[in-house]
Amino acid sequence: MSSLSLEIVGIDDDVPGVRTLTLALPDRGPLPSLTPGSHIVVEYDGGANAYSLTGETAAPREYVISVLECPDGRGGSRWIHRELCVGDTVTVREPRSAFAPVLRARRHLLIAAGIGITPMVSHLRSARRWGRDAQLLYVHRDGRGAYVDEIKELTDQARFFTDRAAFVAELAAVLADSPFGTHAYICGPSQFIDDVSALAAGLGWPPSRIHAEHFGGELTPGEPFEVEIATSGATFVVESGVSLLEALEAHGLPVPNMCRQGVCGECRISVRSGNVVHRDLYLSEAERDAGDVMMACVSRADGPLELEL
Ligand code: FES
């Protein structure tokens with residue numbers, strides 16, 4: 001995937017703890033278009049992070065991202081919050097999406113918590129442009145809601161919550177009442193995604209109508225699974241809480257890597273057989289469906305896995 005050098009042309013710190021960057025080409029020319037729900041990967045010294053694009057999707061002249069400062073993170077958000085200034089240049093990888101709207105859906109139910117609102121903004125832009133039925137439920141801390149005014153301009157089908165209990169009650173009612181053919185899109189902390197997914201599943205929603213956007217670094221430990229290396233026949237177990245990448249390294253099989261969060265694409269490996277549980281933000285839906293590649297840093301398997309290594 002090709003990289004772009006983009007200039008920071010705007011910084012907005014209006015929402016406490018959230019820094020919004022506006023990025024453009026040095027000549028201010030058009031940038032690659034994107035599908036709703038897309039993110040870019042921003043590289044920093046020692047790593048890379050994925051951030052959803054919240055601006056226009058068709059031939060945009062600017063990319064807009066919003067970054068929550070994570071003091072305990074790997075350093076990318078601190079760098080963005082504390083070191084970057086207007087006029088600086090950053091390296092980003094072209095947009096990708098693993099969270100696009102399902103166009104055949106009868107209704108789109110967007111469910112966001114905190115900074116998880118960011119991919120929903122482009123979903124709402126697209127829904128308005130193409131006349132799709134989209135509804136948003138957004139829970140955030142008091143005074144910490146991002147894009148609230150913009151969302152209100154995009155739709156009158158948004159509900160905002162600062163009280164968790166009220167949010168859960170409304171969510172349960174909406175999930176129970178959604179017409180057949182509604183697809184749900186969830187973004188927020190991993191526990192939030194798990195809780196909402198479980199609530200939907202308990203109300204009879206099939207997994208095929210539930211879509212989640214995880215932002216790296218906060219994944220659940222996962223179940224153990226067994227790995228076989230096709231070239232050597234070696235087998236070992238990847239324990240819960242240990243990534244496949246770490247297990248391969250521990251068995252003398254280092255794999256190129258950079259972000260270790262499922263966003264940069266460096267640790268892609270080939271799969272000969274097995275059922276992969278994809279947890280990355282890199283592979284396309286078609287690549288996931290093909291089932292013959294996976295990102296070793298975050299993705300796992302729900303049974304024995306044979307790798308082309
Ligand atoms: S190391 Fe970046 S996707 Fe795995």
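The distance from atom CZ of R159 to atom CD1 of I151, rounded to the nearest 0.5 Å, is 14.0 Å. Atom OG of S273 is separated from atom CD of E308 by 9.0 Å, given to the nearest 0.5 angstrom. The distance from atom OG1 of T118 to atom NE2 of H123, rounded to the nearest 0.5 Å, is 10.5 Å. Here the straight-line distance linking atom CD of E170 with atom CD1 of I111 works out to 11.0 Å at 0.5 Å rounding. Once rounded to the nearest 0.5 Å, the distance linking CG of L21 with NE2 of H81 reads 8.0 Å. Annotation: the span from R19 atom CZ to S77 atom OG amounts to 11.0 Å, rounded to 0.5 Å.
Here the side chains of M294 and R268 are not in contact, with every heavy-atom distance at 4.5 Å or above. Looking only at side-chain heavy atoms (C-beta outward), E249 and N257 come within less than 4.5 Å of each other. Between V227 and V237 there is no side-chain heavy-atom pair separated by less than 4.5 Å. A heavy-atom distance below 4.5 Å is found between the side chains of L34 and P60. Side-chain contact between R300 and R279 is present, with at least one heavy-atom pair separated by less than 4.5 Å. Side-chain contact between R260 and E246: present, with at least one pair of heavy atoms (C-beta onward) separated by less than 4.5 Å. In this structure the side chain of F225 never reaches within 4.5 angstrom of the side chain of D302, judged on heavy atoms. Taking the side chain as every heavy atom from C-beta outward, L4 and P32 approach each other to under 4.5 Å.
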Could you walk me through whether V92 and Y51 satisfy the side-chain contact (heavy atoms from CB on, under 4.5 Å) test, starting with their C-alpha distance in whole Å, then the side-chain angles of each, then the deciding distance to 0.1 Å, before giving a yes or no? CA-CA 10 Å; V92 312; Y51 300 106; over 6 Å; no
With side-chain contact (heavy atoms from CB on, under 4.5 Å) as the test, would you mind laying out the steps for I80 and Y44 before giving the verdict? CA-CA 9 Å; I80 286 175; Y44 64 95; over 6 Å; no
Between H140 and F167, is a side-chain contact (heavy atoms from CB on, under 4.5 Å) present by the stated rule, with each step listed? CA-CA 10 Å; H140 59 80; F167 166 75; over 6 Å; no
Step by step, work out the side-chain contact (heavy atoms from CB on, under 4.5 Å) result for E43 and S3. CA-CA 10 Å; E43 297 181 3; S3 294; 4.1 Å; yes
Is there a side chain to side chain donor-acceptor pair (under 3.5 Å) between S126 and R132? Walk through the geometry before answering. CA-CA 8 Å; S126 170; R132 289 197 291 269; 2.3 Å; yes
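Nearest heavy atom pair, residue A200 against residue I210, reads CB-CD1, 3.7 Å. The minimum heavy-atom distance linking P36 with S97 is given by the pair O-OG, 3.5 Å. Across L137 and F161, no two heavy atoms sit closer than the pair CD2-CE1, 4.0 Å. Considering all non-hydrogen atoms of both residues, S243 and A296 come closest at CB-O, 4.2 Å.
More than 12 heavy-atom neighbours from other residues, nucleotides or ligands sit within 6.0 angstrom of CG on D289.
Among the candidates L53, I40, T89, the single residue satisfying the side-chain contact (heavy atoms from CB on, under 4.5 Å) test with L23 is I40.
If you chain together hydrophobic residues whose side chains sit under 4.5 Å apart, Y138 and L154 fall into the same group. Using a 4.5 Å cut-off between side-chain heavy atoms of Ile, Leu, Val, Met, Phe, Trp and Tyr, with links allowed through other members, V238 and V255 fall into the same hydrophobic cluster. Note on V86 and V42: same hydrophobic cluster, where clusters join Ile, Leu, Val, Met, Phe, Trp and Tyr whose side-chain heavy atoms are under 4.5 Å apart, directly or indirectly. Neither V298 nor I269 shares a network with the other; the hydrophobic side chains, linked directly or stepwise wherever heavy atoms of I, L, V, M, F, W or Y lie under 4.5 Å apart, form separate groups for each. When hydrophobic clusters are built by joining Ile, Leu, Val, Met, Phe, Trp and Tyr residues whose side-chain heavy atoms come closer than 4.5 Å, directly or via intermediates, M120 is not grouped with V174.
Taking the six-membered ring for Trp and the full ring otherwise, F99 and H39 have centroids separated by 6.0 Å or more.
Note: Y185 and H108 have parallel aromatic rings, judged against thresholds of 30 and 60 degrees for the angle between ring planes.
Look at R28 and E7 and you find a salt bridge, because one of the NZ, NE, NH1 or NH2 atoms lies within 4.0 Å of a carboxylate O, short of that distance. Salt-bridge check for R82 with E69: passed, with a basic side-chain N closer than 4.0 Å to an acidic carboxylate O. For E153 and R128, the salt-bridge test fails: no basic side-chain N is under 4.0 Å from an acidic carboxylate O.
Checked by atom type and distance alone, the side chain of R107 never pairs as donor or acceptor with a backbone atom of P179 at under 3.5 Å.
In this structure, R96 satisfies the cation-pi test against Y282, with its NZ or CZ atom closer than 6.0 Å to the six-membered ring centre and inside 45 degrees of the ring normal.
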